[in-house]
A.B. asks: 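Pasting a structure below so you can have a look.
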Amino acid sequence: MTADATPALVEKREPAAGPRVRKGSAYPRYLAGKVAGAAVSLLAVLVTSFFLFRLIPGDPVKTMTGGRQVSAEQLAAYRREFGLDLPLWRQFTDYCGKALTGDFGTSYQFRAPVVDKITEALPNTLLLTGTAFVLYTALGVFLGTRSAWRRGTVGDRFNTGLALTLYSIPSFWLGLLLIIVLSVGIGPLPGMFPTGGMESGGEEGFAYVLDVAHHLVLPVVTLVAVEYGQTLLVTRSALLDEMGGDYLTTARAKGLRDDLVRRRHAVPNALLPTVTLIFINLGRTVAGVILVETVFSWPGLGGLFYQALSVPDLPLVQGLFFVFAAAVIVMNTLADLVYPLLDPRVAR
Amino acid sequence: MTMSPTASDVTTAPLLSAQGLYVTFPGRHGGPRARAVDGVDLDIRPGEIVALVGESGCGKTTLARSLLGLVEPTAGRVTFDGRPLEYSGRSLKAYRKRVQLVLQDPSGSLNPRHTVYDAVAEGLRIHGYGGDERAAVAEALSRAGLRPPERFFLRYPHELSGGQRQRVVIAGALVLEPELLVADEPVASLDASVRGEILALLLRLRTELGLSALVVTHDLGLAWNIADRVAVMYLGRIVETGAVEQVLTAPRHPYTQALLSVLPEAPGAPVVLTGEPPDPSRVPSGCRFHARCQILAGGEAARAGVADACRGQDLEVLSGSGESQVACHWAVSAAPPRGAGLC
Amino acid sequence: MSLLDVRDLTVTYAGGAAAVRGVDLRLDAGQKLGLAGESGCGKSTLALALLRLLPTGTRITGEVLLDGEDVLTMKWGRVRAVRWAGASVVFQGAMHSLNAVHRIGDQIAEPILLHRKATPAGAKKKTGELLEQVGLPAARADAYPHELSGGQRQRVMIAMALACDPRLIIADEPTTALDVMIQAQILRLIEQLVADQDLGLIMISHDLAVLADTCDRLAVMYAGRVVEEGPAVQVYEDARHPYARALSAAFPRIGDPASRFAPQGLAGDPPDPAALPSGCTFHPRCPVALESCAEEDPVLRGAGPRRRAACVLVGRPADGAGGAHEKPDALEEARPGTP
Amino acid sequence: MTTTTDTALSPRALARQRRRASVARFWRQYRAERAGLYGLTALTLCALLALFAPLFVGSDVSSVTDAPGRPMQSPSAGFPLGTDQFGRDLLGLVVWGSRVSLLVGLLAAVLSVAIGTLIGVTAGHFKGWYATVMMRITDWFLVMPTLVLAIALATVMSRSLTTTVVAIGVTTWPTTARLVRAQTLAVETRPYIERARALGGGHWHIMSRHVLPNVMPLVLAQTTLIISSAILAEATLAFLGLGDPTVVSWGGLLQDAREAGAVSAGDWWYLVPPGIAIAVVALAFTLCGRAVESVLNPRLGVSR
Amino acid sequence: ATPLDPAPQQARAADNGKVLTVAVAQSVDSLSPFLAVRLLSTSIHRLMYEYLTNYDPKDNHAIPGLATKWESSPDKLTWTYTIRSNSKWSDGKQATAQDAAWTFNQMMTDDGAATANGSYVGNFKKVTAPSPTELVIELKKPQATMTSLDVPIVPKHVWEKVSDFSEFNNDKSFPVVGNGPFTLTDYKADSYVRLKANKGFWRGAPKFDEVVFRYYKDQDAAVSALRKGEVSFVAGSPSLTPAQAASLEGAENIQVNDAPGRRFYALATNPGAKAKNGKKFGDGHPSLLDQRVRNALFMAVDREAIIEKVFQGHAVEGEGYIPPRFSQYYWKPSADQKLAYDPAEAARLLDQAGYKKNGDGKRVGKDGKPISYRVLCHATDPNDKAVGKYLQEWWGELGIGVQLNCLDNVTDPWLAGKYDLAFDGWSVNPDPDFVMSIHTCGALPETPEDTGATDNFICDKKYDELYARQLAEYDPAKRADIVQQMESRLYDLGYMNVMAYPNAVEAYRTDQIKSITTMPAKAGNIYGQDGYWSWWSAVPADSGGSSENASSTVVVAGVVAVVVLLAGLGGFAVMRRRATAEDRE
Ligand SMILES: Nc1ncnc2c1ncn2[C@@H]1O[C@H](COP(=O)(O)OP(=O)(O)OP(=O)(O)O)[C@@H](O)[C@H]1O
Ligand SMILES: Nc1ncnc2c1ncn2[C@@H]1O[C@H](COP(=O)(O)OP(=O)(O)OP(=O)(O)O)[C@@H](O)[C@H]1O
Ligand SMILES: [Mg+2]
Ligand SMILES: [Mg+2]
């Protein structure tokens with residue numbers, strides 16, 4: 001503002017740029033910061049996975065050879081092969097160095113690069129969790145919104161009650177029951193769905209897609225049932241929080257119809273805080289899918305992890321652990337990155 | 001009745017004194033540091049009530065907090081009873097037995113989970129009061145006008161009205177028998193009808209206990225109501241100070257004039273300054289008010305030949321003592337103080 | 001026919017709190033009515049009731065005649081049409097009254113598109129004009145609320161209120177959270193706009209001094225009821241109701257030696273609308289309460305030319321006009337003493 | 001409203017009276033939450049059942065050598081829920097299992113919440129590097145997939161109840177820490193903290209007298225909610241065969257059922273009751289937690 | 001089998017053929033014959049490749065495989081195999097002695113190639129193929145396994161291109177060239193392995209057109225799949241549970257094959273682990289070195305109860321070391337030698353050995369501390385845990401504490417000798433040499449750092465003498481006699497207490513499999529045979545032609561989709577209606 005500005009009733013001039021940083025300039029920095037943070041977290045996970053699993057009692061090489069007769073030289077050879085003869089810190093630096101180039105070593109039990117084993121199983125897990133994620137998020141948000149808007153009604157009580165109940169059910173148990181009821185079939189109910197696996201094998205083209213979809217139903221239903229409740233509850237309470245908002249009174253005062261007030265103002269605002277949760281949930285679901293994969297024999301990461309732990313197949317365990325944690329980190333970071341694009345209030 | 005009952009005379013040694021006080025905060029997003037308090041000298045003598053007025057964000061609260069040692073000044077020092085304030089835990093604790101703070105928001109100042117009794121006794125417990133805690137609490141409450149005190153002991157803050165809450169806060173301060181009360185906007189959140197009671201209480205305490213007080217406010221009427229002396233703050237610095245009658249009836253600084261002119265009661269055309277409160281992280285050079293100064297913009301300063309000084313020449317920090325002073329090139333050079341009456 | 005005629009309006013919240021109890025108010029076009037009273041006395045409730053914006057479960061009785069049409073008995077469709085086009089509101093907390101995730105331009109344009117069936121381009125143009133009108137560059141339409149300062153946001157609210165050229169604007173504490181200087185800016189702005197466009201204005205505040213300065217007429221509320229009403233300056237300077245009097249005394253006049261070291265206050269707590277005292281609701285705090293005040297709930301009665309007050313000491317039916325003379329003395333004596 | 005005017009009360013008595021009053025108030029409000037009452041009733045029943053289990057089932061329910069029935073008997077008058085693969089009475093086992101499941105849930109939740117609260121409060125109160133380090137650690141734990149980490153921990157340590165408790169406790173605290181820290185930060189901005197500091201209160205005073213009581217409701221609600229997830233986690237770990245095989249717990253029963261092939265054999269009585277028990281208890285804790293949360297509404301920081 | 005139930009899915013049709021689907025619980029570790037060690041993978045290799053010899057399904061004696069006949073030099077150091085000329089690789093090339101020689105040579109020279117079966121060639125001096133039909137193996141010293149070299153012979157011309165045997169998993173390009181009864185055509189990790197019948201197989205084409213091994217992590221899912229007809233055969237891991245067997249027994253069209261197993265299930269005792277160089281290691285409880293203690297412990301184990309309660313009849317009470325299935329070598333203790341279940345006698349023995357009960361009723365060791373044994377158990381084996389519970393109670397009665405150490409992976413404490421007792425079990429081969437050899441002193445590790453072939457560190461002079469004698473004995477009957485003496489010795493020592501011989505409990509659908517060869521043919525098992533007999537011999541049931549399974553899948557999926565869609569639309573409509581009805585405030 002210049003010195004000879006006439007004190008006027010109202011300012012006509014744009015005030016000089018305040019401390020708030022405009023979107024264009026700050027977002028890249030914010031983005032860089034978040035990405036750097038995520039990278040640091042990933043490194044930390046890398047370190048953890050290395051040391052955590054060294055704590056598993058047992059000599060991996062002896063375990064690997066499964067009690068077959070092996071001479072000390074041969075054992076030493078194996079140790080050399082897997083780099084286990086080096087001092088821990090060397091193993092660690094080697095491991096980190098390789099991991100940074102995407103090489104997690106060779107699985108002890110499968111004799112295949114860990115990365116290959118993971119990339120083999122990852123799409124299956126993603127298919128399962130992705131489908132479930134889309135469904136439970138949609139369902140949770142939809143029902144949560146309805147519940148909040150009709151708070152206190154029978155429908156709301158039923159919705160929240162059901163969500164809480166399903167939320168309290170162990171997923172594996174629900175999966176088992178679903179297998180009994182819908183897969184094996186009880187009473188007059190025929191077994192409609194396959195008992196496990198991802199495909200019957202042998203189908204091609206559209207039949208293959210249908211076959212996989214058919215196999216997908218029960219695991220997805222299980223996941224959706226146990227997961228949608230949280231989204232519902234969070235959406236509901238976020239919307240209830242928003243419903244006291246004065247801006248809704250403003251919107252109503254403007255003469256907007258009730259459903260417009262909800263659609264245009266309340267719900268979008270309430271969903272913002274849920275976005276983070278939704279993303280984080282996806283990350284966690286990827287890691288939490290172990291149980292469902294076990295129950296439904298789904299050929300995904302969960303099953304692989306379980307097999308790897310019992311050996312312990314150190315490289316595979318480490319790789320999988322890294323992937324699980326990375327899923328969470330990546331999703332968290334995505335949430336961080338998306339949030340400011342959606343919510344203009346957040347630091348840009 | 002124009003003089004306060006205990007109007008302090010200018011020669012007594014100050015009880016609390018700030019000398020060249022600077023407080024800066026780190027700027028946001030790596031921006032320049034915010035100079036919240038930017039060179040303040042201020043004395044408070046025993047038994048005196050000083051009002052610190054100014055618009056929002058000018059640094060009043062920060063100054064008050066630094067006087068209590070709640071923020072460490074970047075430069076300058078605070079002296080209490082002749083001794084500079086030390087920032088070690090122990091000496092701060094001892095200091096805070098003698099100087100008390102009352103905050104703007106009485107509801108916020110009371111822990112919702114503590115009863116009135118606990119809230120008042122808290123200070124005693126912190127300082128390991130040896131005497132009869134119950135009696136002390138009861139006395140402080142009744143002194144603050146909550147009578148009979150026992151009726152309030154077990155109440156929770158939410159069971160009290162705003163005025164009662166503020167009385168509890170004041171009682172909590174009084175129970176330690178402080179020598180100085182720093183009240184940061186003590187009535188800003190209270191209803192108009194209730195606030196008079198609290199102000200009356202402050203005045204009564206001054207008469208009964210000889211308490212000195214620094215009352216921070218943005219309400220000039222409040223200063224007129226209870227203060228002996230007023231200091232007008234602008235952008236981290238005191239720009240005009242003096243006896244209440246003088247400053248509020250015959251303001252010399254253009255800023256004070258503008259503040260007074262926008263009061264609903266004020267005669268004459270209001271001088272509405274443009275824009276928002278200025279930003280302490282970008283204090284203009286020269287007179288810090290020059291960018292918004294109606295005198296400068298209206299050309300009066302140029303006529304007085306100080307326009308360039310206003311834009312480029314820094315002003316001295318006003319001394320903390322009681323006499324009437326103004327930090328304005330124009331007021332100092334050109335205009336003799338206007339009549340003492342209400343213009 | 002007056003612009004707004006509120007008759008015996010009573011609002012009871014679902015919990016049983018009688019927030020507004022039989023209020024009568026009139027407002028002519030081009031007139032400015034101030035509504036004062038301490039926190040919780042029902043000012044906002046009254047304002048919301050005028051447009052039926054209160055939450056479901058609230059009981060509203062009486063009549064709210066807006067241009068002769070009763071808002072309370074309208075069909076919802078009509079109510080929505082009246083909202084904003086007939087009467088608009090400037091709410092107190094602009095930060096919360098604006099949707100934080102929409103651009104302010106869109107928020108201003110929303111009612112225009114809704115009520116005026118304007119094209120988006122037309123609405124955009126009008127939005128720009130409105131912003132200029134309240135002293136913001138039209139380009140700021142792209143800003144989000146958080147990018148504006150408190151005063152600017154309050155101006156956006158005002159611009160929004162003007163969007164559909166309403167006949168009546170209800171300003172609910174438009175300046176409370178603002179700094180003195182900004183407060184002055186906003187008040188000037190409102191005054192100017194009202195004068196330019198010949199609108200009816202209801203301005204709500206707890207700052208009697210501000211209202212007296214801004215408005216033509218002034219109504220002072222206490223516990224859900226208007227206790228005094230009359231020309232603004234008269235009510236402020238010479239209130240008839242003891243509460244109104246106490247309230248106005250709480251605003252010291254700088255330079256007035258009488259208020260030096262003599263802050264005026266009113267002892268006691270504001271009443272709880274869910275458990276109101278019997279009789280005159282003010283009697284527990286009233287410095288001049290009579291025995292009968294605990295039983296008799298006085299209605300508004302004439303207290304001079306175009307003035308009304310609800311106090312037994314005012315214009316007792318038997319006393320006729322003479323009553324107006326006695327009261328000031330009686331009240332003067334009853335003033336709470338200064339320490 | 002508390003308007004007791006007993007004049008001869010010592011501060012201690014006052015404190016006690018105050019506490020009693022606030023408990024009474026809490027209870028009054030809790031009673032209004034219907035779902036919370038259902039949860040509480042269910043919990044009380046479960047707790048009583050668990051406590052007095054030795055009285056009506058006897059500790060020899062889990063004995064395999066003295067098993068009274070034949071393996072895998074379907075429900076009958078003698079065995080209302082049938083028998084397991086050793087011929088033990090399943091009703092007795094489910095009742096007996098409640099002891100372990102509740103105990104593990106409780107201990108794990110207490111451990112988790114204790115860690116979380118400690119870290120949350122201190123990280124919220126002390127700013128600077130301490131908070132940074134603590135929050136980094138928390139974040140780091142937060143991105144660890146809980147189940148995976150718990151499985152890993154359970155694998156690393158020997159199979160015992162302690163392992164289960166530790167594995168659950170150590171993996172679930174970060175959410176509590178974050179919540180508590182956020183709440184602590186919120187409380188720390190309250191003027192009464194400033195007032196306490198101005199009165200001369202030190203860190204300990206502020207944390208113990210102001211912050212902790214104000215985060216307690218949150219912690220209480222959080223504990224209840226975490227117990228529910230800890231019970232689920234215990235069941236999950238046991239189901240994956242990572243529990244102590246020698247103790248009877250609901251998750252362990254489910255795993256036994258599965259290992260015995262009860263699912264495909266259609267022996268529903270072996271599979272359904274433990275699952276329902278888990279779901280009911282988890283639900284009950286969740287309901288209680290939500291009720292507590294809504295009564296104390298820690299987000300507002302004010303108990304009304 | 002309800003009216004609505006779509007008729008059990010028939011043997012699946014693909015390329016108009018009969019498919020035999022086998023549910024398996026193990027995942028494939030590797031499809032490379034040089035790397036694979038798991039039972040599933042080696043069984044698949046049996047189907048994919050020919051081995052030099054095979055086992056007769058009736059009595060397990062060696063019969064021709066890729067080799068039509070074989071002879072050894074008198075000193076047993078040179079073995080000459082005649083390779084058949086009617087075996088072709090699936091890419092049309094002839095399988096020759098060169099392929100066999102190359103396979104063995106790779107294993108002898110490349111560490112990677114020796115990973116799985118290196119032990120067979122450790123003693124080989126030289127392997128040559130003088131002609132396409134002649135394979136000569138020269139040994140360093142005599143080797144008993146020369147007619148049971150369980151090594152898949154791979155096609156040289158294909159495998160030559162492999163650079164790193166330790167990482168080549170043979171699962172990238174299909175079909176995989178082989179010469180067994182089936183050809184591997186497809187594999188998806190943790191999903192399925194698909195093999196196609198080799199129509200030109202020399203022994204005759206398999207009856208099924210395809211064999212698919214489908215992976216079910218969960219055994220219950222596999223059993224359910226069998227019930228529904230999704231799979232034709234379920235083996236279980238290691239066998240179906242009693243409850244599953246019981247429920248399947250009543251089911252329509254399902255045959256439960258409860259075959260005498262080839263496994264023994266034992267309780268091994270740590271005899272104080274030591275290496276050949278005399279170094280002792282591990283920390284076995286010293287009291288267990290006293291034979292009376294070991295015997296007492298075993299006498300307190302009620303084997304009948306274990307058979308009845310844990311195995312629910314699907315096992316045979318354990319006595320000698322070798323299961324009765326191998327009748328030739330089967331031995332059982334005489335009445336007075338037998339350590340029958342007798343807790344009182346056990347207590348007496350313990351008292352006698354000086355381990356008396358203290359005031360708390362606990363027996364006290366020589367160190368004055370109450371005795372508590374760590375029992376190593378496999379967390380993945382329900383039987384271990386179940387029996388463990390019984391042991392806890394039985395031995396608890398005796399005054400001895402039991403601490404069950406159930407681990408996913410017991411190898412490590414086991415090899416380190418850090419246990420007191422352990423659940424043990426081996427599958428016995430037709431030739432008992434291996435299972436006998438693991439209890440000789442020679443099997444001990446060279447040093448504590450090595451891993452020996454030993455099972456649980458037993459080293460007994462007398463046993464070793466007998467072992468040496470049976471090695472040199474070529475008369476089967478006499479050799480059997482010596483083996484039985486060894487079993488007797490082992491029994492008396494009490495380090496290896498066989499509790500049971502679990503049956504192999506499997507089930508298959510009779511509406512999909514008409515007949516199938518078990519091994520031994522009379523009361524034998526199907527899955528995990530020492531040959532390819534079961535799958536090669538399985539005859540499809542003649543059901544009404546190929547089933548419409550694929551289409552029924554489509555139908556079901558379609559129905560589901562339609563229902564979901566309708567429900568969604570209906571819900572949406574209801575909601576819309578209500579929304580408009582409630583369009584107030
Ligand atoms: N802890 C802090 N960190 C950074 N900046 C601060 C901090 N405290 C205050 N400030 C800044 O210092 C300046 C002065 O703040 P202060 O609170 O002292 O003003 P004030 O005069 O009390 O205003 P108000 O009337 O609104 O209370 C403001 O610009 C504020 O943003
Ligand atoms: N939704 C509600 N439900 C129940 N009571 C309410 C509700 N809203 C307001 N009240 C009560 O009604 C009374 C009047 O409230 P109102 O908001 O109208 O007061 P106000 O005069 O606007 O006060 P302020 O100056 O604080 O804005 C208050 O006591 C308040 O507690
Ligand atoms: Mg302040
Ligand atoms: Mg209001």
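In what follows, chains carry the letters A, B, and so on, assigned in the order in which the sequence lines appear, proteins first and then strands, with residues in each chain numbered from 1.
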A.B. asks: Using only atom types and a distance under 3.5 Å, with no angle test, would you say the side chain of C/R83 pairs donor to acceptor with the backbone of A/R252?
C.D. replies: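 The answer is yes, because a donor-acceptor pair under 3.5 Å joins these two groups.
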A.B. asks: Could you tell me which of C/V101, C/V82, C/V79, C/L51 has the largest number of non-hydrogen atom pairs under 4.5 Å with chain A?
C.D. replies: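 The residue among C/V101, C/V82, C/V79, C/L51 with the greatest pair count is C/V101.
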A.B. asks: More than 12 non-hydrogen atoms from neighbouring residues, nucleotides or ligands closer than 6.0 Å to OH on A/Y167, yes or no?
C.D. replies: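 No, because the 6.0 Å sphere around OH of A/Y167 holds 12 heavy atoms or fewer from other groups.
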A.B. asks: To the closest 0.5 Å, what do you measure between CG (A/D246) and CG (C/L98)?
C.D. replies: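 Output value for this atom pair is 10.5 Å.
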A.B. asks: Could you tell me which portion of A/L272 (side chain, backbone, both or neither) has an atom closer than 4.5 angstrom to a non-hydrogen atom of chain C?
C.D. replies: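 The answer is the side chain of A/L272.
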A.B. asks: For the residue pair A/A253 and C/W84, what are the closest heavy atoms and their distance?
C.D. replies: O-CE3, 3.1 Å
A.B. asks: Are the side chains of C/V89 and A/T250 in touch, meaning some heavy atoms are under 4.5 Å apart?
C.D. replies: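 No, every pair of side-chain atoms sits at 4.5 Å or beyond.
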A.B. asks: Suppose the criterion is side chain to side chain donor-acceptor pair (under 3.5 Å): which pairs have a residue in residues 109-124 of chain C, not counting sequence neighbours?
C.D. replies: A/K254-C/E110, A/R264-C/E110, A/H265-C/E110
A.B. asks: How would you list, by chain and number, every residue that makes a side chain to side chain donor-acceptor pair (under 3.5 Å) with A/D156, sequence neighbours excluded?
C.D. replies: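 For A/D156 the side chain to side chain donor-acceptor pair (under 3.5 Å) partners, ignoring immediate neighbours, are A/S147, A/R236.
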A.B. asks: For the side chain of C/S97 and the backbone of A/Y247, is there at least one donor-acceptor N/O pair under 3.5 Å apart?
C.D. replies: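 Not a single qualifying donor-acceptor pair exists.
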